[in-house]
There are 2 protein chains.
Amino acid sequence: MNIKEASEKTGVSSAAIRYYEKESLIPAIDRTEVGNRDIDDRIIRRIRFVTQMRAAGMSIENLRRYIELFDAQEDNTKEQKALLKEQLEVMEEKRDDLQAAIDHLNYKLNHFYDHMEATEEELRQLEKQHAEKLNSAESDDIK
Amino acid sequence: MNIKEASEKTGVSSAAIRYYEKESLIPAIDRTEVGNRDIDDRIIRRIRFVTQMRAAGMSIENLRRYIELFDAQEDNTKEQKALLKEQLEVMEEKRDDLQAAIDHLNYKLNHFYDHMEATEEELRQLEKQHAEKLNSAESDDIK
DNA sequence: CCTTGCCTTGAAGTCCACATGAAGGTTTAA
DNA sequence: TTAAACCTTCATGTGGACTTCAAGGCAAGG
């Protein structure tokens with residue numbers, strides 16, 4: 001499949017795919033006789049992996065280092081796991097921040113009046129609720 | 001309080017506070033006789049609101065449009081609620097995407113082998129799990 | 001043969017969210 | 001009175017992640 005088809009299939013622009021290849025976020029892509037990229041499903045999956053991690057807020061730089069480690073043949077399982085865990089923590093924190101902001105907006109939506117003049121009381125309450133949620137690890141308002 | 005104290009109190013740089021004021025993300029700040037910003041708790045709260053929404057991934061542009069609506073004196077409660085809900089949806093989707101990526105990484109961490117050559121089977125399983133979670137609205141692995 | 005439509009590379013441009021620098025003002029302390 | 005430590009505005013710089021441009025190649029259709 002050529003780069004345009006790959007672009008349509010993944011929703012990633014042709015230029016971005018070339019950029020990802022250059023930055024080694026995806027493996028070197030095979031070329032046809034005339035030098036055009038010939039993209040297979042393995043590449044498509046890796047483009048999607050990049051997209052997912054990028055959407056989750058991972059930088060190109062970290063993603064590159066991460067992928068380098070995984071692609072290396074040596075047995076660096078330990079470092080790989082450490083890197084994975086590190087990234088997981090970053091993402092979990094991000095998710096929690098996001099959830100706190102969602103709670104904040106939901107609160108505004110439910111107690112709709114002058115949201116901009118929120119009193120310290122309101123804020124303390126929100127923080128309390130958030131702390132409780134993190135402790136109980138039970139009650140969840142997803143969806 | 002002067003801008004440096006406000007910066008220390010909020011963790012937002014002085015330059016960023018000036019920038020937020022210029023971009024109308026926070027109200028015009030009162031000045032002292034000599035022209036220095038005199039920042040009160042109302043401004044501090046609004047800086048914190050901006051910080052939270054920025055951390056949640058809201059762009060300056062959208063935040064400005066959002067705040068404009070809220071600051072307008074006319075009764076546009078309806079539009080305000082609509083805007084709030086819209087933003088909530090964006091953020092919830094973002095959170096879910098993030099959670100999916102976390103699940104993905106957790107899966108890799110638990111079934112540690114060649115994550116790069118993940119089969120379609122694995123991916124389908126992940127998607128299934130995600131769908132189930134969204135439906136059940138019960139089981140949550142936060143924290 | 002020429003246009004259309006795809007592709008290639010390399011370089012330069014763009015957008016965002018600030019950061020930094022220049023040039024100058026005020027207050028306090030030595 | 002001079003230096004330190006704040007402040008002001010306005011202009012320019014920066015970094016990341018691409019996007020767009022320039023110049024050209026290949027293959028098919030009319």
Side-chain angles (χ1 to χ4, degrees), chain A residues 1-40 43-44 46-68 87 90 94 97 101, chain B residues 1-40 43-44 46-68 87 90 94 97 101:
Chain A
M1 132 186 37
N2 67 20
I3 200 169
K4 204 190 183 205
E5 290 167 317
S7 167
E8 281 158 5
K9 206 164 181 178
T10 59
V12 175
S13 77
S14 300
I17 292 175
R18 293 195 192 98
Y19 173 72
Y20 288 164
E21 187 190 13
K22 204 168 145 204
E23 295 297 317
S24 306
L25 300 189
I26 57 181
I29 301 172
D30 290 345
R31 307 304 168 108
T32 65
E33 316 80 45
V34 302
N36 291 4
R37 286 172 183 80
D38 186 14
I39 296 175
D40 61 16
I43 303 290
I44 294 289
R46 303 237 349 202
I47 292 171
R48 293 203 168 121
F49 176 71
V50 169
T51 305
Q52 188 171 33
M53 292 303 135
R54 291 282 308 118
M58 198 177 202
S59 71
I60 297 287
E61 166 70 7
N62 280 343
L63 198 42
R64 202 185 40 68
R65 293 194 301 140
Y66 171 82
I67 286 171
E68 250 170 35
Q87 181 59 22
V90 169
K94 214 161 184 164
D97 285 353
Chain B
M1 123 187 42
N2 67 20
I3 200 168
K4 204 191 182 203
E5 291 168 317
S7 168
E8 282 158 4
K9 205 162 181 178
T10 59
V12 176
S13 77
S14 299
I17 293 175
R18 292 193 192 98
Y19 173 72
Y20 289 165
E21 186 189 14
K22 205 168 144 204
E23 295 297 316
S24 306
L25 300 189
I26 56 180
I29 301 173
D30 290 344
R31 309 304 168 107
T32 65
E33 315 82 46
V34 302
N36 291 4
R37 286 172 181 80
D38 186 15
I39 297 175
D40 60 17
I43 302 291
I44 295 290
R46 302 230 359 196
I47 292 171
R48 292 204 167 119
F49 177 71
V50 169
T51 304
Q52 189 169 31
M53 292 303 133
R54 294 281 308 117
M58 197 180 205
S59 72
I60 296 289
E61 166 71 6
N62 280 342
L63 197 42
R64 202 184 40 67
R65 293 193 302 138
Y66 170 82
I67 285 171
E68 249 170 36
Q87 181 57 23
V90 169
K94 210 160 188 169
D97 286 354

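All heavy atoms count here, side chains included; hydrogens, waters and symmetry mates do not. In what follows, chains carry the letters A, B, and so on, assigned in the order in which the sequence lines appear, proteins first and then strands, with residues in each chain numbered from 1.
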Q: Measure the distance from CZ on A:Arg64 to P on D:dG16 and round it to the nearest whole Å.
A: 11 Å

Q: Can you see if the side chain of B:Ser59 gets near the phosphate of C:dC16 - specifically, an N or O under 4.0 Å from OP1 or OP2?
A: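 No, because none of the side-chain N or O atoms of B:Ser59 sits under 4.0 Å from OP1 or OP2 of C:dC16.
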
Q: Using 4.0 Å as the upper bound for N to carboxylate O, is an ion pair formed by B:Arg64 and B:Glu61?
A: yes

Q: Base, sugar-phosphate, or nothing for A:Ser14, non-hydrogen atoms under 4.0 angstrom?
A: nothing

Q: Check the distance between D:dC18's P and A:Glu23's CD and give it to me in whole angstrom.
A: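 The distance from CD of A:Glu23 to P of D:dC18 comes to 10 Å, rounded to the nearest Å.
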
Q: Heavy atoms under 4.0 Å, any strand shown: does B:Thr32 hit a base, just sugar-phosphate, or nothing?
A: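 Contact class for B:Thr32: none.
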
Q: Check this for me, if you would: do A:Glu23 and A:Arg54 make a salt bridge, where the nitrogen-to-carboxylate-oxygen distance has to be below 4.0 angstrom?
A: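 Between A:Arg54 and A:Glu23 there is no salt bridge, as every charged N stays at least 4.0 Å from the carboxylate O atoms.
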
Q: Take the protein atom CD1 of B:Ile39 and the nucleotide atom C1' of D:dT8, then report the distance between them rounded to whole Å.
A: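 Rounded to whole Å, this separation is 13 Å.
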
Q: Specify the separation, in whole Å, of atom CD1 of A:Ile29 and atom C1' of C:dT9.
A: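 Distance, rounded to whole Å: 14 Å.
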
Q: Counting any heavy atom closer than 4.0 Å, what does A:Ala15 reach on the DNA or RNA strands: base, sugar-phosphate only, or nothing?
A: base

Q: Has A:Asn62 got a side-chain atom pairing as donor or acceptor with A:Arg65's backbone, closer than 3.5 angstrom?
A: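 Not at all, since once roles are kept as given, no pair shorter than 3.5 Å links the two residues.
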
Q: With a cut-off of less than 4.0 Å, is there a side-chain N or O of B:Arg37 near OP1 or OP2 of D:dC7?
A: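 It does not, given that no N or O in the side chain of B:Arg37 lies less than 4.0 Å from OP1 or OP2 of D:dC7.
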
Q: Distance check needed: C:dA17 C1' versus B:Leu63 CG, whole Å only.
A: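 About 12 Å, once rounded to whole Å.
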
Q: For a quick test of reading the model: is some side-chain N or O of B:Asn2 closer than 4.0 Å to OP1 or OP2 of D:dC7?
A: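 Yes, B:Asn2 has a side-chain N/O under 4.0 Å of OP1/OP2 on D:dC7.
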
Q: Does a nitrogen or oxygen in the side chain of B:Arg31 sit under 4.0 Å from OP1 or OP2 of D:dT9?
A: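 So the side-chain polar atoms of B:Arg31 do come within 4.0 Å of the phosphate oxygens OP1 or OP2 of D:dT9, strictly under.
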
Q: Heavy atoms only, 4.0 Å cut-off, all strands: where does A:Arg54 land among base, sugar-phosphate and nothing?
A: sugar-phosphate

Q: Map B:Tyr19 and A:Lys22 onto DNA chain C by nearest heavy atom, then report which one ends up closer to the 5' terminus.
A: A:Lys22

